[in-house]
Amino acid sequence: MHYLADGLRLPTNGLDYAILAIYFAVVLGIGFAARRSVRTSLDFFLSGRSLPAWVTGLAFVAANLGATEILGMAATGAQYGVAVVHWYWIGAIPAMVFLGLVMMPFYYGSKVRSVPEFLLQRFDKSAHLLSSVLFAFASILIAGVNLYALSIVVEALLGWPQWVSIVVAGFFVLAYITIGGLSSAIYNEVLQFFVILAALIPLTILGLKRVGGWDGLTGSLTQRHGGDFMTAWGGTGIGDPNPLGANWLTIVLGLGFVLSFGYWTTNFAEVQRALSAKNLSAAKRTPLIAAFPKIFIVFIVMIPGLVAAVLVPKIGTAGSDLTYNDAIPLLMQELLPNGVLGIAVTGLLAAFMAGMAANVSSFNTVFTADIWAKYVVKGREDTYYLRFGRLITAIGVMASIGTAFLAASFSNIMGYLQTLFSFFNVPMFVVFIIGMFWKRASMKSGVWGLVAGTSAAMVNYFVIYKQGVIDIPSDQGANFVSAIVGFVAGAVVMVLVTLFTAPKPEAELAGLVYGTKSPGMEELPEEGDRVWYRKPALLGWGAIVLAAACYVPYSF
């Protein structure tokens, strides 16, 4: 993550700071209100599985609206143009629909508290422990990077020292999660979702007005960057050069299938929101409800990036102190009056805090339920694990603050973290998908699939790409290739290991393999489930069709 330019200090006044103070007060108020519902560890870690689908759905999409989403996707729009839509309509919507329709019945029906716990039921302790440790470590690191990214933005925009931003934001996240558990995090994420929209929608509208509307924006960027800049698929033929450094095959397979499905279906920071829903029907609808705003969020993060590319031609160019990451702050400085500026700054803070809170709340669940309760202190009363969950939340936030300061010494930490998704989420996905659809997959194949997939992706990135063995045009293109390599390697090793090791007894696979059901998956339909908006399949395919329709204007 590059430091934002020094000239981006915003002309904030007392009204803007008052809006910011009100937001922080409401955040803490939600935490105290949620505390009354926390009586057991299930309440703390999964909101007692009691939340309605519309709440978990909005929290699901808000948990993803963090640093990389707001600043990163706007930067991608400024750098690569309309190709940024691939990260949404190919790289998110199909996987979210798959999670809701296919995987949530297994997650929710098996009554697991976390994604690694599902691996314990389907495979064995070695796969469970390895995935738990890796996930807990990655959660803290990503939470710290959210804090670090927040601190450099606040320092540039408001003049606060980095350490003040890190400590203040960390304190508020610690307070409302420790007090109210996951319910507090989720209800705050619902609030943060609307605050983020309130920040980005005025920026998008005023930006388009400044450049002469969509026609003016298209004309300026086409003249400056060529026709492919304003199309989704232009220049993506195999062998054709393009700024993204990827062709249609690596976009569809690497991003649209492997990376996308690996992230959305196995990332517990997202899945945890669906697991907190009040019944299986609500759990299945959670990612499907989230898919609809996800379709349109691309416009309010992409268009400001495109507008910045018009208004500030030198952004991201050699010799300029303005990077593509400056796109959103530049427009805030240029376009927004006081009051609206306060809402925009609050929206940015909300985005960073949502990303951090999602990772901290998933970390405390995995560490407590999957590591501490199963391998360190077993069989204690529920109140003990509730107290320990609050303690480890505090420790996790402190560790995140530490990794935030550590991240300050790595200027490329954000790009590196995005690469990690191809290392860890993709192997997790291949283990899940084979375990779910192939009864014969043996208990030992899970852990070896994880090891092989992660190792192969790392070798492809650090040896084959970085050492120039094969010429891949960009880091992003290398990420797509690494994801494909990791998926194939994990799948091949799982098949080979299965041929030489014992399968799990068929009686223990009920509810864990496609085509089987456990008693936990059988439930009476919720009253009103016949209404169209309560039908997960209709919602899911509706999201797919709407996302596909959005592609029409960008396909020519």
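M104 approaches L280 most closely through the heavy-atom pair O-CD1, 4.0 Å. Contact record, F193 with P293: CZ-CB, 3.9 Å, taken as the closest heavy-atom pair. Considering all non-hydrogen atoms of both residues, G77 and L306 come closest at O-CD2, 3.4 Å. The two atoms that bring K378 and Y385 nearest to each other are C-OH, 3.5 Å, heavy atoms only. Taking both residues in full, the closest heavy atoms of A143 and V360 are given as CB-CG2, 4.2 Å, listed atom of the first, atom of the second, then distance. Shown here for G396 and F363, the closest heavy-atom pair between the two residues is CA-CE2, 3.6 Å.
Under a 3.5 Å cut-off, the side chain of T266 and the backbone N or O of F429 do not form any donor-acceptor pair. Without hydrogens or angle criteria, Y88 side chain to I297 main chain gives no donor-acceptor distance under 3.5 Å. Proximity of a side-chain donor or acceptor of R390 to a complementary backbone N or O of T178 within less than 3.5 Å is detected. Of the possible polar contacts, one joining the S260 side chain to the G91 backbone as a donor-acceptor pair under 3.5 Å is found. With hydrogens and angles disregarded, a donor-acceptor distance shorter than 3.5 Å links the side chain of T56 to the backbone of A53. A distance-only check finds a donor-acceptor pair linking the side chain of T403 to the backbone of S400 [under 3.5 Å]. Proximity of a side-chain donor or acceptor of Y108 to a complementary backbone N or O of M103 within less than 3.5 Å is not detected.
A side-chain donor from one of S41 and D382 sits under 3.5 Å from a side-chain acceptor of the other. In this model, a donor atom of one side chain and an acceptor atom of the other lie less than 3.5 Å apart for Q272 and T365. Donor-acceptor pairing under 3.5 Å is recorded for the side chains of Y375 and H128.
For L134, the side chain to side chain contact (heavy atoms under 4.5 Å, CB included) test picks out L130, F424, with sequence neighbours left out. Taking K374 as the reference, nothing meets the side-chain hydrogen bond (donor to acceptor under 3.5 Å, both in side chains) condition, with sequence neighbours excluded. Listed by chain and number, the residues in a ring-ring contact (aromatic ring centres under 6.0 Å, His included) with F432 are Y107, F118 (sequence neighbours excluded). Applying the side-chain hydrogen bond (donor to acceptor under 3.5 Å, both in side chains) criterion to S362, with sequence neighbours excluded, gives no partner residue.
Side-chain atoms of F60 and I289, non-hydrogen and from C-beta on, never get closer than 4.5 Å to each other. Using a 4.5 Å cut-off on side-chain heavy atoms (C-beta onward), R210 and L311 make contact. Counting heavy atoms from C-beta on, the side chains of K284 and L99 never come closer than 4.5 Å. Using a 4.5 Å cut-off on side-chain heavy atoms (C-beta onward), F44 and T368 make no contact. With a 4.5 Å cut-off on side-chain heavy atoms, M302 and M73 do not count as touching. Residues F268 and L275 are in side-chain contact: their nearest non-hydrogen atoms beyond the backbone lie under 4.5 Å apart. Using a 4.5 Å cut-off on side-chain heavy atoms (C-beta onward), L288 and M96 make no contact. Annotation: side chain of S114 is in contact with side chain of E117 (closest heavy-atom distance under 4.5 Å).
Listed by first and then second residue, the salt bridge (Lys or Arg N to Asp or Glu O under 4.0 Å) pairs that reach into residues 164-193 are E189-R273, sequence neighbours excluded. Applying the salt bridge (Lys or Arg N to Asp or Glu O under 4.0 Å) test to pairs two or more places apart or on separate chains, none has a residue in residues 170-188.
To the nearest 0.5 Å, atom CH2 of residue W89 and atom CD1 of residue I93 are 9.5 Å apart. Separating the NZ atom in K278 from the CG atom in L51 is a distance of 9.5 Å, to the nearest 0.5 Å. Note that CD1 of I179 and OG1 of T393 are 11.5 Å apart. Values are rounded to the nearest 0.5 Å. Taken from CG in L200 to CD1 in I343, the straight-line distance is 12.0 Å, to the nearest 0.5 Å. The CG atom of L206 sits 12.0 Å away from atom CD1 of I201, with the distance rounded to the nearest 0.5 Å.
The side-chain contact (heavy atoms from CB on, under 4.5 Å) test with F135 singles out one residue from N267, N425, N359, I371, and that residue is N267.
For OH of Y17, the number of neighbouring non-hydrogen atoms (other residues, nucleotides, ligands) closer than 6.0 Å is greater than 12. Counted within 6.0 Å of CZ on F171, heavy atoms from surrounding residues, nucleotides or ligands total 12 or fewer; the atom is thus considered open.
Note: F367 and W372 have parallel aromatic rings, judged against thresholds of 30 and 60 degrees for the angle between ring planes.
Taking the ring axis of Y384 as reference, the NZ or CZ atom of R387 does not stay both within 45° of it and closer than 6.0 Å to the ring centre.
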(request) Could you check Y187 against Q192 for side chain to side chain donor-acceptor pair (under 3.5 Å), going step by step and ending with a plain yes or no? (result) CA-CA 9 Å; Y187 281 111; Q192 288 159 348; over 6 Å; no
